[in-house]
Amino acid sequence: MVRRWRRSEVSEPLPIYSRVKRWVPLLEWLPKYNWKLDFTYDLVAGLTYSTVVIPQSMAYAMLAKLPPVYGLYSSIMPIFLYSVFGTSRHLVGGTFALISMMLGEAVTSIVRTRVDSNMEEYEEEFLRTTLRVTFLVGVIQILFSFMNIGKYITKYLLPDPLVSGFTNAAAIYIVTSQFQNLFGIQVPEYNGVFSLVKTWGYVISRIQHVDMATFLLGSISIVSILFLRALESKVREWLNRFQNNQEIDDETRPFLEVPVTSQVSNTKNTLNENGSTGIKLPLPDILLVIIFYTTVTWLFRLDQKFNISVIGYIPSGFPSPTNPVHFQDIPDILIHLKESFLLAIIAYVMTISIGKNFAKKDGYQVDGNQEMFALGISTAISSFFSSYVSCGSLTRTSVIHTSGGKSQISAFIGTLVVCGILLSLTSLFYYLPKAVLAGVILMACKSLFLQLSEVTAYWKHNRTQFFIWLITFIAAITVKAEFGIAVGMVVSIIGLILETLYKSQTPL
């Protein structure tokens, strides 16, 4: 007699599969994904995201002192891997201005002590060291996830005022690093105490040698981005007033709002009276500016007539997989340990703060320990594919969220667009001026400087946090960014000890 399997026996998941789902959240949410209702949202959000990631990633690669194509490489594999292992529905990783700058400075300090002035050899060693540091950063994050210490790092070693103070100092370093591309002058690299002040002093002393054509192009690109954002804001304001006065049918709906038929009543997007949901698309201002000024440079040959520096040749296709760490490289890993440790914890703190922020907005939870694992495994594996250190991006995550993205499928779709660009359209960026990319980077620093508003709140409500912010900021500005983190950590621990002692001696 053939035994009949009961439904409970068939549907009962195996214990090993349950454990696998804990480490691979994709297996949990993808079978439940509603393709009929949510895919349209993710498609629109993914295509919108691609218009931001392409110019941003190339610009941030310059901060890491790498060719722009490595920014595109770093916007593929880390995003694919995070979509498998991450717990956030909206978070997008890849290149990030702060991490790119820290990585570039760290690798420069390592390579400079080991390689002579032979440029070809220097560039090769710089790339090898970058990938080696990237791999080590990922391994450290994976080990931290196994040790379950992510929450202790964010609470004790890197509290919010320390991260805020360091971020604002780093924004000044990022701005300073673009003087050469924005002003068209050669700026020497200073090291040690007051290196930032020395750089500013040098630029001021050479102000009469500024290439005016380069400076005007970079400045106009910044003004153009600001103008497009102001125009978009005014158009949205006008649309909101217009919608409040009369119903807009599908034929007169403006280009900034895409109609999507609503089939569920509990969707979080606002429903119009006609039963459709409007997905508000951010205007791709950066991409429009890059396309416009690249076209102008090509049409009028600005690179030849006015000596405008352009990106130049960008190789098409995907890089061949390479092993970033060989057996003979093991002694070098110890040399990279300090820089890799700082990059690992800073990248995690930035990523988890962005992930929690957007999870709170949409009412779901992110697992901090799993986020550490997702970030680590995506960074470590991606180093075999010419990608550098991955970190959550506030700008691109915001684009996904604002555009109505529902899941990691939106980032997956956007990454497919980047793959298409790499395969066939890289030649279109040959005439992209470096001054315009410098303008893109300066605009990205705007969000970092916005954290200055937190300083007054620290002063009013918690003087200890204020002094942690101030000491971290001053140490980072006067010596170097990494030194500011180290000093901030020491001050944070001392402050925690003093606060604990004070509470223990205070009578109830």
Side-chain angles (χ1 to χ4, degrees), residues 38-60 71-72 74-76 78-80 82-83 86 88-100 224-226 228-233 235-236 254-258 260 268-270 277-291 350-351 353-362 364 366 390-421 437 439-448 450:
D38 294 339
F39 182 72
T40 304
Y41 292 99
D42 283 330
L43 176 63
V44 173
L47 294 176
T48 307
Y49 155 79
S50 67
T51 65
V52 178
V53 67
I54 294 169
Q56 267 198 355
S57 61
M58 291 193 295
Y60 292 166
L72 296 176
S74 302
S75 300
I76 298 177
I79 286 79
F80 283 146
Y82 179 84
S83 65
S88 172
R89 300 173 191 170
H90 304 97
L91 182 68
V92 182
T95 60
F96 184 60
L98 180 59
I99 296 300
S100 298
S224 299
I225 295 174
L226 292 173
L228 288 175
R229 291 182 178 178
L231 178 63
E232 180 188 17
S233 178
V235 171
R236 289 195 186 280
F255 74 97
L256 288 173
E257 193 172 354
V258 178
V260 179
K268 291 194 174 184
N269 296 80
T270 304
T277 303
I279 300 176
K280 294 184 177 179
L281 304 182
L283 188 69
D285 43 35
I286 294 176
L287 185 64
L288 291 176
V289 167
I290 281 181
I291 291 174
M350 293 294 178
T351 301
S353 62
I354 295 170
K356 285 184 175 181
N357 181 37
F358 284 92
K360 184 178 180 181
K361 290 180 179 180
D362 274 23
Y364 64 92
V366 293
S390 179
C391 178
S393 168
L394 177 60
T395 303
R396 298 193 291 277
T397 302
S398 179
V399 167
I400 290 283
H401 185 268
T402 305
S403 302
K406 299 295 184 181
S407 70
Q408 283 294 323
I409 288 178
S410 55
F412 191 91
I413 292 171
T415 306
L416 291 179
V417 177
V418 177
C419 292
I421 294 291
L437 281 182
V440 171
I441 292 173
L442 294 184
M443 289 302 301
C445 290
K446 180 182 177 182
S447 62
L448 300 178
L450 289 177

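Only this structure's heavy atoms are used, side chains among them; waters, hydrogens and symmetry mates stay out.
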Side chains of [X] and [Y], heavy atoms from C-beta outward: is any pair under 4.5 Å?
{"X": "Ser74", "Y": "Tyr60", "answer": "no"}
{"X": "Cys419", "Y": "Ile76", "answer": "yes"}
{"X": "Ile286", "Y": "Ile290", "answer": "yes"}
{"X": "Val440", "Y": "Met58", "answer": "no"}
{"X": "Gln56", "Y": "Ile441", "answer": "no"}
{"X": "Ile413", "Y": "Phe39", "answer": "yes"}
{"X": "Ser390", "Y": "Phe96", "answer": "no"}
{"X": "His90", "Y": "Lys361", "answer": "no"}

Could you check Thr415, Val52, Val399, Ile400 and say which one makes a side chain to side chain contact (heavy atoms under 4.5 Å, CB included) with Val92?
Ile400
Donor-acceptor contact present, side-chain [X] to main-chain [Y], <3.5 Å:
{"X": "Ser410", "Y": "Lys406", "answer": "no"}
{"X": "Arg396", "Y": "Ala411", "answer": "no"}
{"X": "Ser403", "Y": "Gly405", "answer": "no"}
{"X": "Ser57", "Y": "Val53", "answer": "yes"}
{"X": "Thr397", "Y": "Leu91", "answer": "no"}
{"X": "Ser398", "Y": "Leu394", "answer": "no"}
{"X": "Asp285", "Y": "Leu228", "answer": "no"}

Considering non-hydrogen atoms only, spot the tightest contact between [X] and [Y] and give its length.
{"X": "Ser224", "Y": "Val289", "result": "CB-CG2, 3.9 Å"}
{"X": "Val366", "Y": "Ala359", "result": "CG1-CB, 3.9 Å"}
{"X": "Gly93", "Y": "Ile79", "result": "O-CD1, 3.6 Å"}
{"X": "Ser50", "Y": "Gly414", "result": "CB-O, 3.9 Å"}
{"X": "Leu437", "Y": "Pro55", "result": "CD2-O, 4.0 Å"}
{"X": "Asp42", "Y": "Ser407", "result": "OD2-OG, 2.9 Å"}

Hey, what do you get for [atom1] ([X]) to [atom2] ([Y]), rounding to the nearest 0.5 Å?
{"X": "Asp38", "Y": "Ile409", "atom1": "CG", "atom2": "CD1", "answer": "8.5 Å"}
{"X": "Ile54", "Y": "Ile421", "atom1": "CD1", "atom2": "CD1", "answer": "4.0 Å"}
{"X": "Ser393", "Y": "Leu98", "atom1": "OG", "atom2": "CG", "answer": "12.0 Å"}
{"X": "Ile354", "Y": "His401", "atom1": "CD1", "atom2": "NE2", "answer": "13.5 Å"}

Between Gln408 and Arg89, is any side-chain donor less than 3.5 angstrom from a side-chain acceptor?
no
Side chain to side chain contact (heavy atoms under 4.5 Å, CB included), that's the test. Do Thr51 and Leu47 meet it? Break it down for me.
CA-CA 7 Å; Thr51 65; Leu47 294 176; over 6 Å; no
Go through the steps for Phe412 and Phe80 under the test ring pair (Phe, Tyr, Trp, His ring centres under 6.0 Å), then give the verdict.
CA-CA 6 Å; Phe412 191 91; Phe80 283 146; 4.7 Å; yes
